[in-house]
Amino acid sequence: MAHLFLVKDIAFQAGLSTATVDRVLNGRPGVRRQTEMRVKAAIAELEKQQAGAMGSGRMLAIDIVMETPQRFSDAVRAAFEAEMATFLPGVFRCRFHFAEVMKPAELVQLLDRIRLRGTHGIVLKAPDVAEVAAAVARADAAGIPVVTLVTDLPNSARIAYAGADNRAAGETSAYLIGEFLGAGGGKVLVTLSSGRFRGEEEREIGFRRVIRARYPEIGITEISEGHGTDAATGTLAAAALAADPTINAVYSIGGGNRAVLAAFDAAKRPVRVFVAHDLDADNRALLAARRIGFVLHHDLRTDARSAFRAIMSRATALPRAVTPSLSSVEIVTPYNMPAAD
């Protein structure tokens, strides 16, 4: 397997031991097909990063750890890869660890493994639970800066949060839905991927506050723990619709929007207004097809840039740490949808 990289660099990128990578590279027996594919993918990733980030300067290798549906992790990967080349001569190399669902113990084990292996920084999207906060504290004590992404761990040792003002986003959604439904009112289905994520909780708090204060004639039904996956979210949405015939609007905090719409279709129920988050591939298609009305979007490349700068400020021992500003929330409709990168 031809390559131009050190075995240890390939091993770091693939998340494997150097011995395993050496066996793959030299075609020795006893290697699983899946392991071979991981090594090939790691080499391809290194080649892509090298092509986009040629130049001199210090190389900072960081780990991006996220529990999130693939449609969102794809968008995050694209944003971080696009931003890497803008940081010459300080070059970043990213290793991605994505899973749609992870138990807290599995996430903690991954964070501890990264800490023991070594990294210049961790960008983390994770539930706000004590076990994860403890793992972040261990990383910080080892000199590894942690930046939270799109959902915060405010009571942890993370050095910065990169993302939008989630409470303001929830308030914006309440305004859009409230003004759209008007005095006739209705019932909003609020969908969360999980109550464990601080960012989703902040969105819900903001939404409920404005609905309660300005639109008291509008009711709320909440579903949670579908983890943003279509199968689980669709099942929860179908049960909610069967139990409440007055639901006529959706605020999708946690995703699974195709499944939610399918549940309405199966029940032969209209959706008067649907507000979603993030301009990923699914939401672009749904917005273009007029299946959803509004997407609350913030620029993930801005978040990636903020995370890189916060980690760089720690790695280069700047006298004052960089504190990222919150990325702005944009209301996207079918008529102002920006072009895909």
Side-chain angles (χ1 to χ4, degrees), residues 65-76 97-111 124-133 135 148-156 163-164 166-167 169-170 173-174 177 187-209 211 219-244 246-247 249-267 269 271 274-278 280 282-283 286 292 296:
V65 180
M66 299 177 63
E67 180 189 344
T68 194
Q70 183 176 343
R71 59 182 171 272
F72 187 64
S73 64
D74 286 346
V76 169
H97 311 265
F98 298 148
E100 292 201 321
V101 181
M102 266 193 285
K103 296 178 181 178
E106 295 170 336
L107 184 55
V108 167
Q109 185 180 49
L110 174 58
L111 292 172
L124 178 63
K125 178 185 179 293
D128 185 12
V129 295
E131 307 97 290
V132 173
T148 51
L149 181 71
V150 305
T151 182
D152 201 8
L153 304 174
N155 299 315
S156 73
N166 285 304
R167 190 167 299 207
S173 177
I177 290 175
K187 179 71 74 69
V188 183
L189 180 66
V190 176
T191 72
L192 290 84
S193 70
S194 174
R196 300 176 303 150
F197 288 99
R198 176 62 69 103
E200 293 193 11
E201 180 186 52
E202 291 288 331
R203 291 174 183 176
E204 183 193 17
I205 289 171
F207 182 80
R208 287 183 179 274
R209 188 194 70 78
I211 291 293
I220 296 173
T221 293
E222 176 190 318
I223 60 174
S224 185
E225 307 313 313
H227 301 285
T229 61
D230 284 345
T233 303
T235 298
L236 291 168
L241 291 175
D244 190 340
T246 66
I247 294 172
V250 178
Y251 175 32
S252 173
I253 293 176
N257 299 331
R258 288 187 182 277
V260 173
L261 288 166
F264 275 89
D265 291 342
R269 300 264 293 277
V271 183
F274 194 125
V275 179
H277 278 274
D278 304 315
D280 55 32
D282 272 12
N283 283 342
L286 293 172
I292 58 180
L296 300 180

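If you're wondering where the values come from, they're calculated on a predicted model, not measured in any experiment. All heavy atoms count here, side chains included; hydrogens, waters and symmetry mates do not.
In this structure the side chain of L107 reaches within 4.5 angstrom of the side chain of P127, judged on heavy atoms. In this structure, the side chains of L153 and R198 stay at 4.5 Å or more apart for every pair of heavy atoms. At a threshold of 4.5 Å between non-hydrogen side-chain atoms, the residues R258 and R71 do not count as touching. Put simply, the side chain of L111 does not reach to within 4.5 Å of the side chain of H97, judged on heavy atoms. With a 4.5 Å cut-off on side-chain heavy atoms, D128 and D152 do not count as touching. Residues R203 and S173 have side chains not in contact (no heavy-atom distance under 4.5 Å, counting atoms from C-beta outward). Residues K125 and F197 form a side-chain contact, since some pair of their non-hydrogen atoms from C-beta on lies under 4.5 Å apart. Side-chain contact between V275 and L296: present, with at least one pair of heavy atoms (C-beta onward) separated by less than 4.5 Å.
Contact detail for A232 and G226: the closest heavy-atom pair is CB-O, 3.6 Å. The two residues T221 and A240 come nearest to each other via the heavy atoms CG2-CB, 4.4 Å. Smallest separation of non-hydrogen atoms from A276 and I292: CB-CD1, 4.2 Å. The minimum heavy-atom distance between P69 and H227, with the atom names listed, is CG-O, 3.7 Å. Heavy-atom minimum distance, G256 versus T233: O-CG2, 4.1 Å. The two residues A238 and A263 have their closest heavy-atom pair at N-CB, 3.9 Å.
To the nearest 0.5 Å, atom CG of residue N283 and atom CG of residue N257 are 5.0 Å apart. Distance CD1/I253 to CZ/F207: 7.5 Å, rounded to 0.5 Å. Rounded to the nearest 0.5 Å, atoms CZ (F264) and CG (L189) are 5.5 Å apart. In this structure, R196 CZ and E201 CD are separated by 13.0 Å, a value rounded to the nearest 0.5 Å. How far CD of E67 is from OG1 of T151: 10.5 Å, rounded to the nearest 0.5 Å. With values rounded to the nearest 0.5 angstrom, I211 atom CD1 is found 6.5 Å from I177 atom CD1.
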- Mind running side-chain contact (heavy atoms from CB on, under 4.5 Å) on H277 and Y251 for me, showing each step along the way? CA-CA 9 Å; H277 278 274; Y251 175 32; 2.7 Å; yes
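Other residues, nucleotides and ligands contribute at most 12 non-hydrogen atoms within 6.0 Å of the CD atom of Q109.
Between the side chain of E200 and the backbone N or O of S193 there is at least one donor-acceptor pair closer than 3.5 Å. Between the side chain of D278 and the main chain of D280, no donor-acceptor pair closer than 3.5 Å is present. The closest donor-acceptor contact from the side chain of R269 to the backbone of I247 lies under 3.5 Å. Although no hydrogens or angles enter the test, the distance criterion places a donor-acceptor pair under 3.5 Å between the side chain of N166 and the main chain of V150.
Listed by chain and residue number, T68, Q70, F98 satisfy the side chain to side chain contact (heavy atoms under 4.5 Å, CB included) test with S73 (two or more places apart in sequence, or in another chain).
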